[in-house]
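Down below is the structure, laid out as C-alpha cells.
So you know, we letter chains A, B, ... as the sequences are listed, proteins then strands, and number each from 1. Quick caveat, the model's predicted, so the values are computed rather than measured.
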Amino acid sequence: MSILIKSVKVKGEKCDIAINGNRIEKIGKDIKGDYDEVINADGLTALPAFIDMHTHLREPGLEYKEDIESGSKAAVAGGFSVVCCMPNTKPVTDNRYIVKYIVDRAKEVNLAKVYPIGAITVGLKGELMAEMGKMKEAGAIAMSDDGQPVSTPQMMRLALEYAKDYDLLLCSHCEEKSLINEGVVNEGENATRAGLKGIPSAAEDIMIARDIILAEMLDTKVHICHVSTASGVQIIREAKARGVKVSCETCPHYIAGTDALILDYNTNSKVNPPLRTEKDRQAILAGLKDGTIDVIATDHAPHSHEDKNVEFNFAANGISGLESAFALSYTYLVDSGVIGLDKLSELMSEKPAKLLGIESGKLEEGGLADITLVDLDKEYRIDAKSFKSKGKNTPFDGWKVKGKIMKTIVEGQIKY
Amino acid sequence: MKRDFLTMADADKELIKSLLKRADFMKANIVAGNKALDILKGKSMVTLFYENSTRTRCSFEDAGKYLGAKVVGISPSGSSVKKGESLIDTAVTLDKLMTDVIVIRHSVAGAPNIIAKHIKASVVNGGDGMHAHPTQALLDMYTMRERFGEIKGLEVAIIGDVKHSRVAQSNIVGLSKMGAKVKIFAPNTLLPKGIENQPCKICKSVEEAFKGSDVIMGLRIQLERQQKGLFPSVEEYNHFYGVTMERMAMANKGAIVMHPGPANRGIEVDCDVLDSDMCLKDEQVTNGVATRMALLEWVTVGE
C-alpha cells in the first residue's frame, strides 16, 4: 500500500509526503507518481505520530473500564501510534504470559502499536522482583509498578541494579505512602477549603530524590513517572545538571489543570499524583521548556461511570487522557507561547521513542510512516461523550482547545 | 428553584441575619412549650446520617417535628446502604419517595454537594468530612447574638483541632461574614494548610488567643489524633491549649465559652469551666433546634 499526503505542512513548510509500505519514501515538493491513496492535507500539519509511554489499557481483568481494542481506538483517535500499557491489570502483568497475551491481542486489534510495561515486583507488592528478563523477551518494553510505589529503597536498589543487565528502563511511580496519609487532593488552600485531606508535594519529592540517589549510586538510568510538583522538577533539574541518568515525564493534566478543579467535588479531577497549584503548574511549564522534563505522557486512566460517580474519597484516581492529550498540550504550551510546535513534537514523539529505544517518533525519509495529521487552527470543545475510550472521565470536558487530530497513520496504514 | 443549604460560603449576610431573627420566633415558641407548629405541615423530611451523631440528628428531627413535618431517620446500618447501594442511588430513591428535605451527614467532604446536583429535594448539610457544618455555625452565631446583642465587632477565639474541624471552617467563614474578628489557636499539626489565606488570625500564644476575646470556642479533640501522632499526649495538649479558669481571666469581662459537643471533659475545656455560668454549651443545644427550625422553614416554604 502506498499513500501520498498532498500539501501538508512539515516543520512550517508546505510539501508532500510519500509513503510506501510501512516507511516514508520521500518528503518534498510536488511529488508525482501513482499512489493507492492520495490525501489532500491542505491546511493540515504533519507530525510524527505520538508515543505514549504511560497508558492504562486495563486488559486483562478490568475490561469494564477499558480494553485493548477500545484503548487502541482511543490511542489512534488521539494521534498516537504507540502506547505502552502499565501492568496494574488483573491479574497483574508481572509475568511473560500476560505480556504475551497483551502483545497478541494488540496485534489482533491492529490499530496502535502496543508495548506492555511489566511489573517490577510480583503483584506490584514491592516485595519480590518479577521476572523482568523473561518479560522483556516476551515483548515488555520497560518495567514499572505504576499505581504503587516500590516502597522500600532496598527493593528499588535491587531492581535498578538487576534491570541494568537487560537494559530495561524502570519507570518509577513516586509516592511516599506515609506522607499520603489518606490524602485525596493536593495539600493546601483548596484542600482546606473543600475539607478534603491533602497530599503534600513532599510525598512525591522524597521518592523522586530517593530514586535519583539510587540511580546515581548505581550509575544507571531511572525514569520518573508523572511529575507534578515544582520541587520535584527542581530536584530532577539539579540531578541532570550533575549528570545523573534520570529522565521524567509529566502529563497534560498537570500542564492544563490545577487543584482549583477539585473545589466543586468533580471526581473526574481526582488523580494521583493530585492536580497541584498554579505555582506547580508554572514550574512544570518551565521544566518542559528548559528540557528538565523529557516527555509528555498521558497517564491515560480510564474508569467507568460507577468508579467515579461516588463520594470524592471513594472515587477512583485517574483521567482518561489519550484523546485530549495533544489538544491540551498544544493549547497550553504552544498556542500560549511557552514552547514551539517542534519542541512539543519532541516531547510527545521523539523523546519517548528514544527513551524506550524504539524506532518511530521522527518524520524523515526512510523512517517509519507513523504520522499524525492535525488541524492546528481548529478550535473546538473537548467532548468526553465522543471519546472512543470507555473512560469518559476527564475534568476537561467542555474545555475550549485548539488542535484537532484529523488522521493517524501507523506504519503506512491509515488507522484513524 | 429549590433551595439547598450546603455551606456558610454560599449563604449571604442577609440570609444569615434573617435566619437568626426568625430563630427568635422559633425559640420563643419551643421554650413556651409550643412544639406543634404547622409551618411544615404536609412536608416530609429525611435525616440521612452516614456518621454517628446524637445532638445534630435529634436537633434536626425535633426541628422538623416541631414544625409539623413528617420526619424519617435513616442510618446506613439499617438500610440498603448496607447492601452496597451508592450514595447517589440512595438519595435519588429518597427523592422519588417525594421527600421535601434531605438532611445529610457524611464522613466524606462534598457528599451533600454531590447529591444536591442529582435530586429535586432540598439538601441540608448536617456536616460533611472536614468541609462544613453550616447549621452548627448558625446556632453558634445565634448564641453569640443572643448573649451580646450583635455579632459585629465580637472577638471569637477558636481553639483546638482546626485542621479536622468542619465546625471551625463554617464558623470562620460565617462569623467573618457577619463582622466578627476570628482568631484561631492550635498546635501546628492541627492547623490546616492555607488557613492563613482565610479570614482569621492565627494566634501564636495563649495570651494572644484569650486576651480581648469575647467568645472562646473549644473544639473537640478526637482522641485518635493523638494515636496518629499529631500531638504527644492529651495532658500536654491540655497544658498548652486547654481552656482553663486562669486563662479565661485573660479574656474580656463577660466572655463566654462555647463547645460544639460532645466535650472531652478536662481535655479541651476544664471541667470547672464547662460547668460554670460562662459556658453556654447547653444553651447551644436549644438554640440548635430553634435555628434549624428557621432554616427548614426557609428551604421549604420560605419567601
Response to the item:
Greatest number of non-hydrogen atom pairs under 4.5 angstrom with chain A, of B:Gln169, B:Arg166, B:His106, falls to B:His106
Worksheet entry | Contact origin within B:Asn197 toward chain A - heavy atom pairs under 4.5 Å | both
Worksheet item: Roughly how far, to the nearest 0.5 Å, is the OH atom of A:Tyr265 from the CG atom of B:Asp128?
Response: 5.5 Å
Worksheet item: Among B:Lys163, B:His118, B:His131, which residue forms the greatest number of heavy-atom pairs with chain A at distances under 4.5 Å?
Response: B:His131
Worksheet item: When rounded to the nearest 0.5 angstrom, what is the spacing between OG1 in A:Thr192 and CD1 in B:Ile172?
Response: 9.5 Å
Response to the item:
From the list B:Leu87, B:Ile115, B:Ile195, the residue making the most non-hydrogen contacts under 4.5 Å with chain A is B:Leu87
Practice prompt. Provide the closest heavy-atom pair for A:Gly195 versus B:Ala109 in the form atom of the first, atom of the second, distance.
Written response: O-CB, 3.3 Å
Worksheet item: Could you give the distance from NE2 (B:His164) to NZ (A:Lys197), rounded to the nearest 0.5 Å?
Response: 4.5 Å
Worksheet item: Around A:Lys90, counting heavy atoms of other residues, nucleotides and ligands shown, do more than 12 lie under 6.0 Å from its NZ?
Response: no
Worksheet item: Considering heavy atoms only, which positions within residues 299-318 of chain A lie below 4.5 Å of chain B?
Response: A:Asn309, A:Val310, A:Glu311, A:Phe312, A:Asn313, A:Phe314
Practice prompt. With a 4.5 angstrom heavy-atom cut-off, could you sort out which part of B:Glu196 is near chain A: side chain, backbone, both or neither?
Written response: neither
Discussion item. Please check if the number of heavy atoms outside B:Lys117 that lie under 6.0 Å from its NZ is greater than 12.
Written reply: yes
Discussion item. Is it true that, when you exclude B:Lys177 itself, more than 12 heavy atoms of the residues, nucleotides or ligands shown sit nearer than 6.0 Å to its NZ?
Written reply: yes
Discussion item. Taking atom NZ as the centre, does B:Lys2 end up with more than 12 heavy-atom neighbours from other residues, nucleotides or ligands that are less than 6.0 angstrom away?
Written reply: yes
